[in-house]
Amino acid sequence: MPEGDTIHRAARTLHRALAGQIVSGFETVLPQLSRVDFDCGITGRIVERIESQGKWMRMHFSSDLILLTHMLMSGSWHIYRPGEKWQRRAVDMRLVIKTENIWAVAFNVPIAEFHTADTLRRRDGFRSLGPDVLGAEFDFARCIANLQAHGEMEVGDALLTQSIIAGLGNVFKSEICFACRINPFRRMNTLNSEELNCLVNRARAFLLSNVGESSGGQTVTYTGMRRTTGRSNVEELLWVYRRRGTPCRRCGTAIASRKQGSGARTTFWCPQCQPMELAKTFRNAANG
C-alpha cells in the first residue's frame, strides 16, 4: 500500500500539472461518479488544488466539489498528454480528468468519491484521521497524546492506526521502530517519554526526507549507501524492511520478521538492537 510520502509526491505532481486548469472532459466507469457528473457537471470547472492528507488525496474543483481518492493496494494516478499512449491497460482505467494540455488518469483506484466540504467533514475514515505526518502544521503534542491513549496496543500496530497518526505504512513502521531501538511488539504503555518522542520525530523526519525534490521517488531510510534513482534492490536503501535473515546494519544479528496485528502485516526488526524487555530508563522509573 502506498504510504504518506508516495501519496504526497503524487498529489504534488498532479497539482503542478492541473492546478488552475479548466476541466475540458471527464470520463469514469464508476457509477457513483457518473451520477455526480450528470447532476452537477465536472466539465468547465477549474481544478483549484490537489493535496494529500495521510494516505488520502483530495482534488478540489471550483464551486465546492472535492474528489476524494484512496489508492489502497492497487491504485495509481498517471498524467499524460492528450493522445499519448497509456502505460496501463484501458480496462484498468477508473476515471480521467481532462484539461487542454494534460490528462490525469486514475487506474484501479478502489475508493473515489465526490464530496462537498460539508460531506467530507462527516466522511467515516477521513474525519477521524490523526495528525498528518507530512502536514505543514503537524501537531506533535496531539500525536504523542494519541499514542499514550492507546497503551494496550503494540507499537507497530499503533503506528499503522491512521486515527492515531496519519500517513505511516508497513515499511515506515518497521524502519521507525528500528531507528528508535524499540521492539515493535512492545505495548505502548511501556514506552517512556524519550521513546515516544523518538517515534514521532523519526516518523516525521523519515517521511519529510522522502518527499524532497531529490528523493528520486524511492523510500530511503538507510543512508549508508548513496541514494541512486532506479537502484534495482530497494531493500539496500532500508534498515530492516524485507531483510529477514540478513545481517543487521548496526550489529550483524540476523533480521527477524513475523506477522503482527489483525491485518497480519509483516514486521521486521533486529532482536539485538530492539530487545523485547523494557527500556532501562523505564524500569528504573517504575521501580522508583
Side-chain angles (χ1 to χ4, degrees), residues 1-8 10-11 14-15 26 28-40 42 45 47-61 63-77 94-95 97 104 106-173 188 200 203 207 260-265:
M1 180 184 295
E3 304 200 22
D5 60 326
T6 302
I7 303 304
H8 181 95
L14 287 168
H15 179 83
F26 177 77
T28 184
V29 298
L30 303 175
Q32 69 272 22
L33 299 188
S34 295
R35 178 60 185 269
V36 174
D37 183 37
F38 180 81
D39 290 342
C40 304
I42 311 304
R45 294 176 185 260
V47 181
E48 296 180 337
R49 66 186 185 278
I50 298 102
E51 56 194 359
S52 64
Q53 186 168 346
K55 298 180 183 181
W56 297 84
M57 186 186 299
R58 293 174 291 172
M59 185 178 294
H60 295 258
F61 299 91
S63 301
D64 191 25
L65 187 66
I66 304 165
L67 176 64
L68 180 70
T69 59
H70 197 300
M71 301 297 103
L72 293 182
M73 297 296 292
S74 58
S76 62
W77 279 95
R94 297 296 178 267
L95 66 102
I97 307 292
F107 294 102
N108 290 327
V109 174
I111 299 177
E113 306 165 352
F114 278 121
H115 287 274
T116 64
D118 182 58
T119 64
L120 186 58
R121 281 192 292 268
R122 295 183 275 112
R123 205 277 186 192
D124 288 341
F126 185 81
R127 65 180 180 182
S128 60
L129 286 176
D132 181 0
V133 180
L134 289 169
E137 299 180 359
F138 178 65
D139 192 336
F140 184 92
R142 180 187 164 204
C143 190
I144 292 290
N146 286 352
L147 290 169
Q148 291 175 320
H150 293 79
E152 293 304 312
M153 291 187 71
E154 293 179 350
V155 175
D157 286 338
L159 293 178
L160 288 185
T161 302
Q162 300 301 296
S163 60
I164 294 177
I165 179 170
L168 299 180
N170 210 42
V171 178
F172 282 114
K173 170 194 72 176
M188 287 302 309
V200 178
L207 266 75
Q260 183 175 23
S262 58
R265 307 294 299 278

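Just so you know, residue 1 is the first one in the sequence shown, and it goes up from there. Heavy atoms only: backbone and side chains are in, while hydrogens, waters and symmetry mates are out. Since the model is a prediction, treat every value here as computed from it, not as a measurement.
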Residues pairing under salt bridge (charged side-chain N to carboxylate O under 4.0 Å, His left out) where one sits in residues 126-144, two or more places apart or in two chains, turn out to be Asp124-Arg127

Residues pairing under salt bridge (charged side-chain N to carboxylate O under 4.0 Å, His left out) where one sits in residues 106-119, two or more places apart or in two chains, turn out to be Glu113-Arg123, Asp118-Arg121, Asp118-Arg122

I need the minimum non-hydrogen distance between [X] and [Y], along with the two atoms involved.
X: Gly167; Y: Leu207; value: O-CD2, 3.9 Å
X: Thr119; Y: Thr116; value: OG1-N, 2.9 Å
X: Ile7; Y: Gly54; value: CB-O, 4.1 Å
X: His15; Y: Ile50; value: ND1-N, 3.2 Å
X: Leu168; Y: Glu3; value: C-OE1, 3.8 Å
X: Pro131; Y: Cys143; value: CG-N, 3.9 Å

| task | Kindly determine whether Ile42 and Leu65 satisfy side-chain contact (heavy atoms from CB on, under 4.5 Å), including the steps that lead there. | result | CA-CA 9 Å; Ile42 311 304; Leu65 187 66; 3.4 Å; yes

Within the 4.5 Å heavy-atom criterion, are [X] and [Y] side-chain neighbours or not?
X: Phe61; Y: Ile66; answer: no
X: Met57; Y: Trp77; answer: yes
X: His70; Y: Phe126; answer: no
X: Phe172; Y: Leu159; answer: no
X: Val133; Y: Ile165; answer: yes
X: Met71; Y: Val109; answer: yes
X: Ile111; Y: Leu72; answer: yes
X: Leu67; Y: Leu95; answer: yes

Just list the side-chain donor-acceptor pairs under 3.5 Å for residues 144-153, sequence neighbours left out, or say none.
from   : atom 1 : to     : atom 2 : distance (Å)
Asn146 : ND2    : Ile164 : O      : 3.0
His150 : ND1    : Asn146 : O      : 2.8
Glu152 : OE2    : Asn189 : ND2    : 2.9

Inset, instruction - Mark yes or no for whether Glu48, through its side chain, and His60, through its backbone, hold a donor-acceptor pair below 3.5 Å. - result: no

- Taking Glu51 for the side chain and Ala11 for the main chain, is one N or O donor matched with an acceptor at less than 3.5 Å? no

By side-chain contact (heavy atoms from CB on, under 4.5 Å), Gln162 pairs with (sequence neighbours left out) Lys55, Leu129, Ala166

dist Leu33:CG -> Thr28:OG1 (nearest 0.5 Å) comes out at 4.5 Å

Residue set satisfying ring-ring contact (aromatic ring centres under 6.0 Å, His included) with Phe26, at least two apart, ordered chain then number -> Phe114

Sorted by chain and residue number, the side-chain hydrogen bond (donor to acceptor under 3.5 Å, both in side chains) partners of Arg94 (sequence neighbours excluded) come out as Asn108

Assess the residue pair Arg265 and Gln260 against the criterion (side-chain contact (heavy atoms from CB on, under 4.5 Å)); give the C-alpha distance rounded to whole Å, side-chain angles, the decisive distance to 0.1 Å, and a yes or no.
CA-CA 5 Å; Arg265 307 294 299 278; Gln260 183 175 23; 5.9 Å; no

